[in-house]
Peer 1: 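Just passing along the structure, written as structure tokens.
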There are 2 protein chains.
Amino acid sequence: MAIPRAAKTQRRTRIQEAKEEQILEAALDVFSRHGFRGATIDEIAEVAGMSKPNLLYYFRTKEAMHRALIERVLDTWLDPLREFDDKGNPASEIRSYIRRKLEMARDFPRESRLFANEVLRGAPLIEDELKGPLKQLVDEKAEVIRAWAKAGKIAGCDPYHLIFSIWSTTQHYADFDVQVRAVLGQEKDGQGRFEDAARYLEQLFLGGLGLEGDRRAEVPAMKEQPGGL
Amino acid sequence: MAIPRAAKTQRRTRIQEAKEEQILEAALDVFSRHGFRGATIDEIAEVAGMSKPNLLYYFRTKEAMHRALIERVLDTWLDPLREFDDKGNPASEIRSYIRRKLEMARDFPRESRLFANEVLRGAPLIEDELKGPLKQLVDEKAEVIRAWAKAGKIAGCDPYHLIFSIWSTTQHYADFDVQVRAVLGQEKDGQGRFEDAARYLEQLFLGGLGLEGDRRAEVPAMKEQPGGL
DNA sequence: CAATAATTTGACCGTTTGGTAAACATTACA
DNA sequence: TGTAATGTTTACCAAACGGTCAAATTATTG
């Protein structure tokens with residue numbers, strides 16, 4: 001008998017754990033390049049190095065795979081915003097938020113593109129997630145920013161659009177990577193563009209919020225590339 | 001005899017013109033939502049309200065359709081940057097560049113998403129365009145910005161990343177529209193978010209470039225939504 | 001009004017797609 | 001070691017896919 005995904009015994013075997021990981025890794029590769037409809041199970045199976053039915057033993061449908069991927073990524077993706085702290089001082093909080101987002105764009109570009117692809121097609125799978133938990137989280141952080149503005153710690157600005165602009169500018173380096181590289185040319189083909197981007201974006205956002213004075217706040221430089229997710 | 005696309009007579013008939021328009025309009029709809037691989041000829045034909053063979057009479061392959069679309073959009077898409085003028089004063093040039101890009105995101109979101117989809121999958125069709133004409137145009141405008149900085153008219157900054165950040169922040173309102181709406185909630189469901197975005201982005205960029213004083217420069221407000229492309 | 005060219009369609013074709021059935025192989029563990 | 005549960009593979013299916021063809025229809029024009 002072969003009932004997929006932890007049938008009789010509730011406990012997941014090592015082999016399940018490993019194979020599912022292997023599949024999701026391959027799926028991330030394919031989905032992030034071609035979107036849901038453009039991706040094929042065959043290609044994912046090939047990248048994962050296993051037969052199609054074998055893959056379908058672990059994830060019964062293409063949608064199940066996609067859903068599993070998206071859920072996992074969405075969670076990780078919002079971590080930097082969750083860390084955004086109302087106790088800290090505005091300049092360093094914003095600086096380190098930008099840095100963390102930029103590090104993610106550098107280290108997990110496929111995750112970013114997966115998300116972008118999903119939103120581009122109308123986000124049918126995560127609509128509820130966006131309108132619920134995401135909106136709630138952003139509302140909360142927007143309130144923090146508004147409080148800073150009210151206290152005169154930063155220039156008054158629309159906190160929602162501030163958050164949008166940090167999202168867009170940082171994720172741009174993952175989602176539009178090929179364009180960025182094409183425009184910068186081969187000289188900047190290493191990871192140097194991320195350092196440049198970090199410097200520029202800090203200047204932009206701190207200046208835009210009237211915080212130039214706090215330029216050299218106690219925020220560390222971008223980390224070297226770490227390991228997996 | 002039925003040789004497609006202006007055979008004996010060189011002149012394109014009215015009917016050709018109209019049908020090709022009708023097809024590209026439908027194709028834009030489908031490609032912008034699902035990307036090249038995710039789009040199907042059947043769906044495009046259905047949206048265009050004609051039979052599949054009829055559609056294929058005007059565009060022999062799916063790729064031909066996509067190519068025609070991309071070429072047309074890419075050209076329009078760069079117009080605002082071409083208008084970016086070194087003669088004007090920095091504050092108003094940057095302000096009106098932002099406004100134009102934001103107007104495009106508002107009025108032509110599908111075009112923006114088409115482009116985003118293409119870049120996301122690695123831009124195989126427009127790689128040359130990006131590395132050639134686009135890079136050249138950006139290089140040229142970057143030089144203008146650098147000159148402004150050297151002359152002390154704006155704060156020194158990396159002009160390439162400045163351009164990237166204007167692209168990303170403005171296009172975000174087209175490409176991530178569903179997310180933006182989800183976060184802002186129903187109250188801001190009208191076009192008001194574009195006005196808010198315009199105000200915020202001007203503050204951000206002018207502030208970030210040390211140009212707050214020039215805030216009320218001679219740049220008109222965002223235009224009402226105009227007609228077709 | 002012919003007749004010729006342009007357009008449209010239904011039927012079709014080979015391939016790819018998402019997914020299944022069942023046989024076979026391997027692992028876990030009593 | 002035996003056996004039940006888990007994992008893998010080969011062969012396959014129906015639907016959807018990109019695209020073709022020849023026949024039918026509609027415009028254009030001498």
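In what follows, chains carry the letters A, B, and so on, assigned in the order in which the sequence lines appear, proteins first and then strands, with residues in each chain numbered from 1. The structure presented is a predicted model; accordingly, all values stated were derived computationally and were not measured.
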Peer 1: When you measure from the side chain of L56(A), which nucleotide among dG18(D), dT20(D), dG19(C) comes out closest?
Peer 2: dG19(C)
Peer 1: Report yes if a side-chain nitrogen or oxygen of S51(B) is closer than 4.0 Å to either non-bridging phosphate oxygen (OP1 or OP2) of dT9(C); otherwise report no.
Peer 2: yes
Peer 1: Do K19(A) and dG7(D) share a donor-acceptor pair, side chain to base, under 3.5 Å?
Peer 2: no
Peer 1: Report the nucleotide, chosen from dG18(D), dT20(D), dG19(C), that has the shortest atom-to-atom distance to any side-chain atom of I41(B).
Peer 2: dG18(D)
Peer 1: Does dA6(C) have OP1 or OP2 sitting under 4.0 Å from an N or O in the side chain of Q16(B)?
Peer 2: no
Peer 1: What's the CZ-P distance between R37(B) and dT16(C), to the nearest Å?
Peer 2: 12 Å
Peer 1: Which listed nucleotide (dT9(C), dA11(D), dG19(D)) is nearest to the side chain of P53(B)?
Peer 2: dT9(C)
Peer 1: Assess the pair F194(B) and H161(A): is the distance between their ring centroids shorter than 6.0 Å?
Peer 2: no
Peer 1: Should the pair F164(A) and Y173(B) be assigned to parallel (<30°), tilted (30 to 60°) or perpendicular (>60°) ring geometry?
Peer 2: perpendicular
Peer 1: Respond yes when some side-chain nitrogen or oxygen of N54(B) is under 4.0 Å from OP1 or OP2 of dT7(C), and no when none is.
Peer 2: no
Peer 1: OP1 or OP2 of dT8(C) less than 4.0 angstrom from a side-chain nitrogen or oxygen of Y58(B), does that happen here?
Peer 2: yes
Peer 1: Do any side-chain nitrogens or oxygens of Y57(B) fall under 4.0 Å of OP1 or OP2 in dT7(C)?
Peer 2: yes
Peer 1: Give a yes or no on whether a donor-acceptor pair under 3.5 Å exists between the nucleobase atoms of dG18(D), that is its base, and the side chain of K52(B).
Peer 2: yes
